[in-house]
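Here is the structure we will look at.
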Amino acid sequence: MVLIKINEMFKSYPIGKGKFTALKNIDLKFEKGEFTGIVGPSGSGKTTLLNIIGSLDVQTEGKVEVMGNEVKSLSAKQSSRLRSEHIGFIFQTYNLLPVYTVYENVEFPLILLGMSAVERKKAVSDALKWVGLTDKIKSRPAQLSGGECQRVAIARAIVKKPSLVLADEPTANLDAENSHHILKTMKKLNEELGTTFIFSTHDAKVISYLKRKITLVDGKVANDEIINGG
Amino acid sequence: MILKLATKNILGAGLRTWLNIFILSLSYFVIIALQGFYVGWQDDAAREMKNWNLAGGQYWQETYDPYDPFTLENSHSIIPEELQKKIDSGEAISILFAPATIYPDGRMRNIVLKGIDPNQSLIELPTKYLVNSNNEINCIIGSGFADNLNIKQGDYIVLRWRDKNGTYDARDIKVSHIFSTTVITVESNQVWISLPILQEMLDLPNEATIITIKDEMFDQEITGWQYKNLDILLIDLTNMIKAKTIGSSIMYILMLFLAMLAIFDTQVLAIFRRRKEIGTMMAMGMTRPKIIQLFTLEGILHAILAIFMGAVYGIPLLNHFQKVGMQIGMDAKEWGLSGLDDALYPVYGWKLVLGTIVLVLITITVVSFLPTRKIAKLKPTDALRGKMTK
């Protein structure tokens, strides 16, 4: 089942009187259950591509369809709804809400979905079990290590059981041990829940876990290959 | 949901929140305290003026104009029957005015000679000292006026007046009592004597200039007389207090401005400092209007919490002021402030408290909302990178 369809997509930014084209003529399809990495050097357009897929940004030209929704034609409210219901985000700098506890951070997306307190409690506790943080529910982000923060961010991304998780450089701020731990967790979620994961990364450790690797160079797809046995 | 999130956010901000709340509570307190003093002053002054001079209202002889001394000589008429009935039953008193001159220590001073029934009990003026003895004319004067003329109780002063036919006459009168009052309108340049004596001196039997009545509701139309209710009689005081209140509004505006600044600054800083947080909320599917609501509500919650903090220290302090009053530290009469005692006793009505709360809340709501409009322009991708969208 095709989850995301991208056709002849361009993304440009105005710079002074001219413009900078971050993505050029992108044609990609992503199936449900993929564990895909978008790799490439800094400035190659990885984050821009993820932002457009996540409807945080829109393309300049071409067509992007995410779960049947044309990203460019969505209103702000509709794209918020798409993200709220179907997409989880994991950021390089974790982006946890600092005044909330671990439990409250993970609970936040469920509050936006209007879930009842009982349902929220069960979902949060399941998500924290997944990432192995049940003993830290009352801690605040400032009291956690980088690895723990990223695990909270993963729990927050998967707690609503989204179809798609977009992870922007999820291991960039982590040491090797924590990186592997995080990747194993995500891989397990992908296999057991069928959640589609799309990463942006230039971390070699991540690549060893991927099923598909898309290489971007100067905003163009330089290579798209099935790896590690797909 | 928004309320829960807003509460968590502001309580999570710790000291910064409590500092803002304290400043806001100070605004509530100062505004209520200041306005309370003005309300207290108005109430006190109005009460004193009613007790000493106005009672429930007055009928003025139609030509009488307190602002035109030249009308005094002719402002008198026979007391109408309807009012005479009231006087006879003790529900009104008649007062006759006449221009006159006194010569204390050989100096000349123009005064208003006022005749009043010595047996009246409608106003607090101590008229019992006007009862004659030994064929003398007794008079009473206010302490401020007496000090001014260096007159003491028991002194004799020469009084010169003109009767209705224009004939001048003069006589020594005895200062039988010097009374102390806060009401300038019964003592400034005034000498009070017995009404029957003044009527005889002026050859105006049964005539009066004003009739002061007990009953506020008695406003029957009487030919040749104008009824003045308390609203009209107290208009000068009300206007003066209104003018003073406007003057004090600088403090009022300053406190409100301080509160606005505290919240505006907090909001601007919060939006700037928390732009990554805003980006994260957007990424998780929170709509911009909801985020604006959240930030505005955070500002409003400061103002609501400030009500409680203000109540903690404000209620005991305001009660204390109400009990001991505030010493003015000057002779109010020298400043031309009628009805004002040595201390001001504030009055805090529910209208004042509620009005202040509503005013501060509305102001804070507007001030909280204004900076959040920036969120509407914020792109999620910029916010996530910690940038402000231009």
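Residue numbers begin at 1 in each chain, while the letters A, B, ... track the order of the sequences.
- Counting non-hydrogen atoms of other residues, nucleotides and ligands closer than 6.0 Å to NZ of B:Lys8 gives a total above 12.
- For residues 283-298 of chain B, a heavy-atom distance under 4.5 Å to chain A picks out B:Ala283, B:Met284, B:Gly285, B:Met286, B:Thr287, B:Arg288, given by residue number.
- Contacts of B:Leu5 with chain A are made by both backbone and side-chain atoms, with heavy-atom separations under 4.5 Å.
- Atom OH of B:Tyr313 sits in a crowded spot, with more than 12 heavy atoms from other residues, nucleotides or ligands closer than 6.0 Å.
- Between chain B and the options A:Leu82, A:Ile111, A:Thr47, the largest number of non-hydrogen pairs under 4.5 Å is found for A:Ile111.
- Chain B is approached within less than 4.5 Å, heavy atom to heavy atom, by A:Arg156, A:Lys160 from residues 144-166 of chain A, ordered by number.
- Around atom CZ of A:Arg81, no more than 12 heavy atoms belonging to other residues, nucleotides or ligands sit under 6.0 Å away.
- No more than 12 heavy atoms of other residues, nucleotides or ligands lie within 6.0 Å of NZ in A:Lys121, so this atom counts as exposed by the packing criterion.
- When heavy atoms are compared at a cutoff of 4.5 Å, A:Thr93 approaches chain B solely by way of its side chain, counted from C-beta outward.
- More than 12 heavy atoms of other shown residues, nucleotides or ligands fall within 6.0 angstrom of atom CG in A:Asp27.
- Taking a 6.0 Å sphere around NZ of A:Lys63, one finds it holds 12 or fewer heavy atoms contributed by other residues, nucleotides or ligands.
- For A:Asn95, the parts sitting under 4.5 Å from any heavy atom of chain B are the backbone and the side chain alike.
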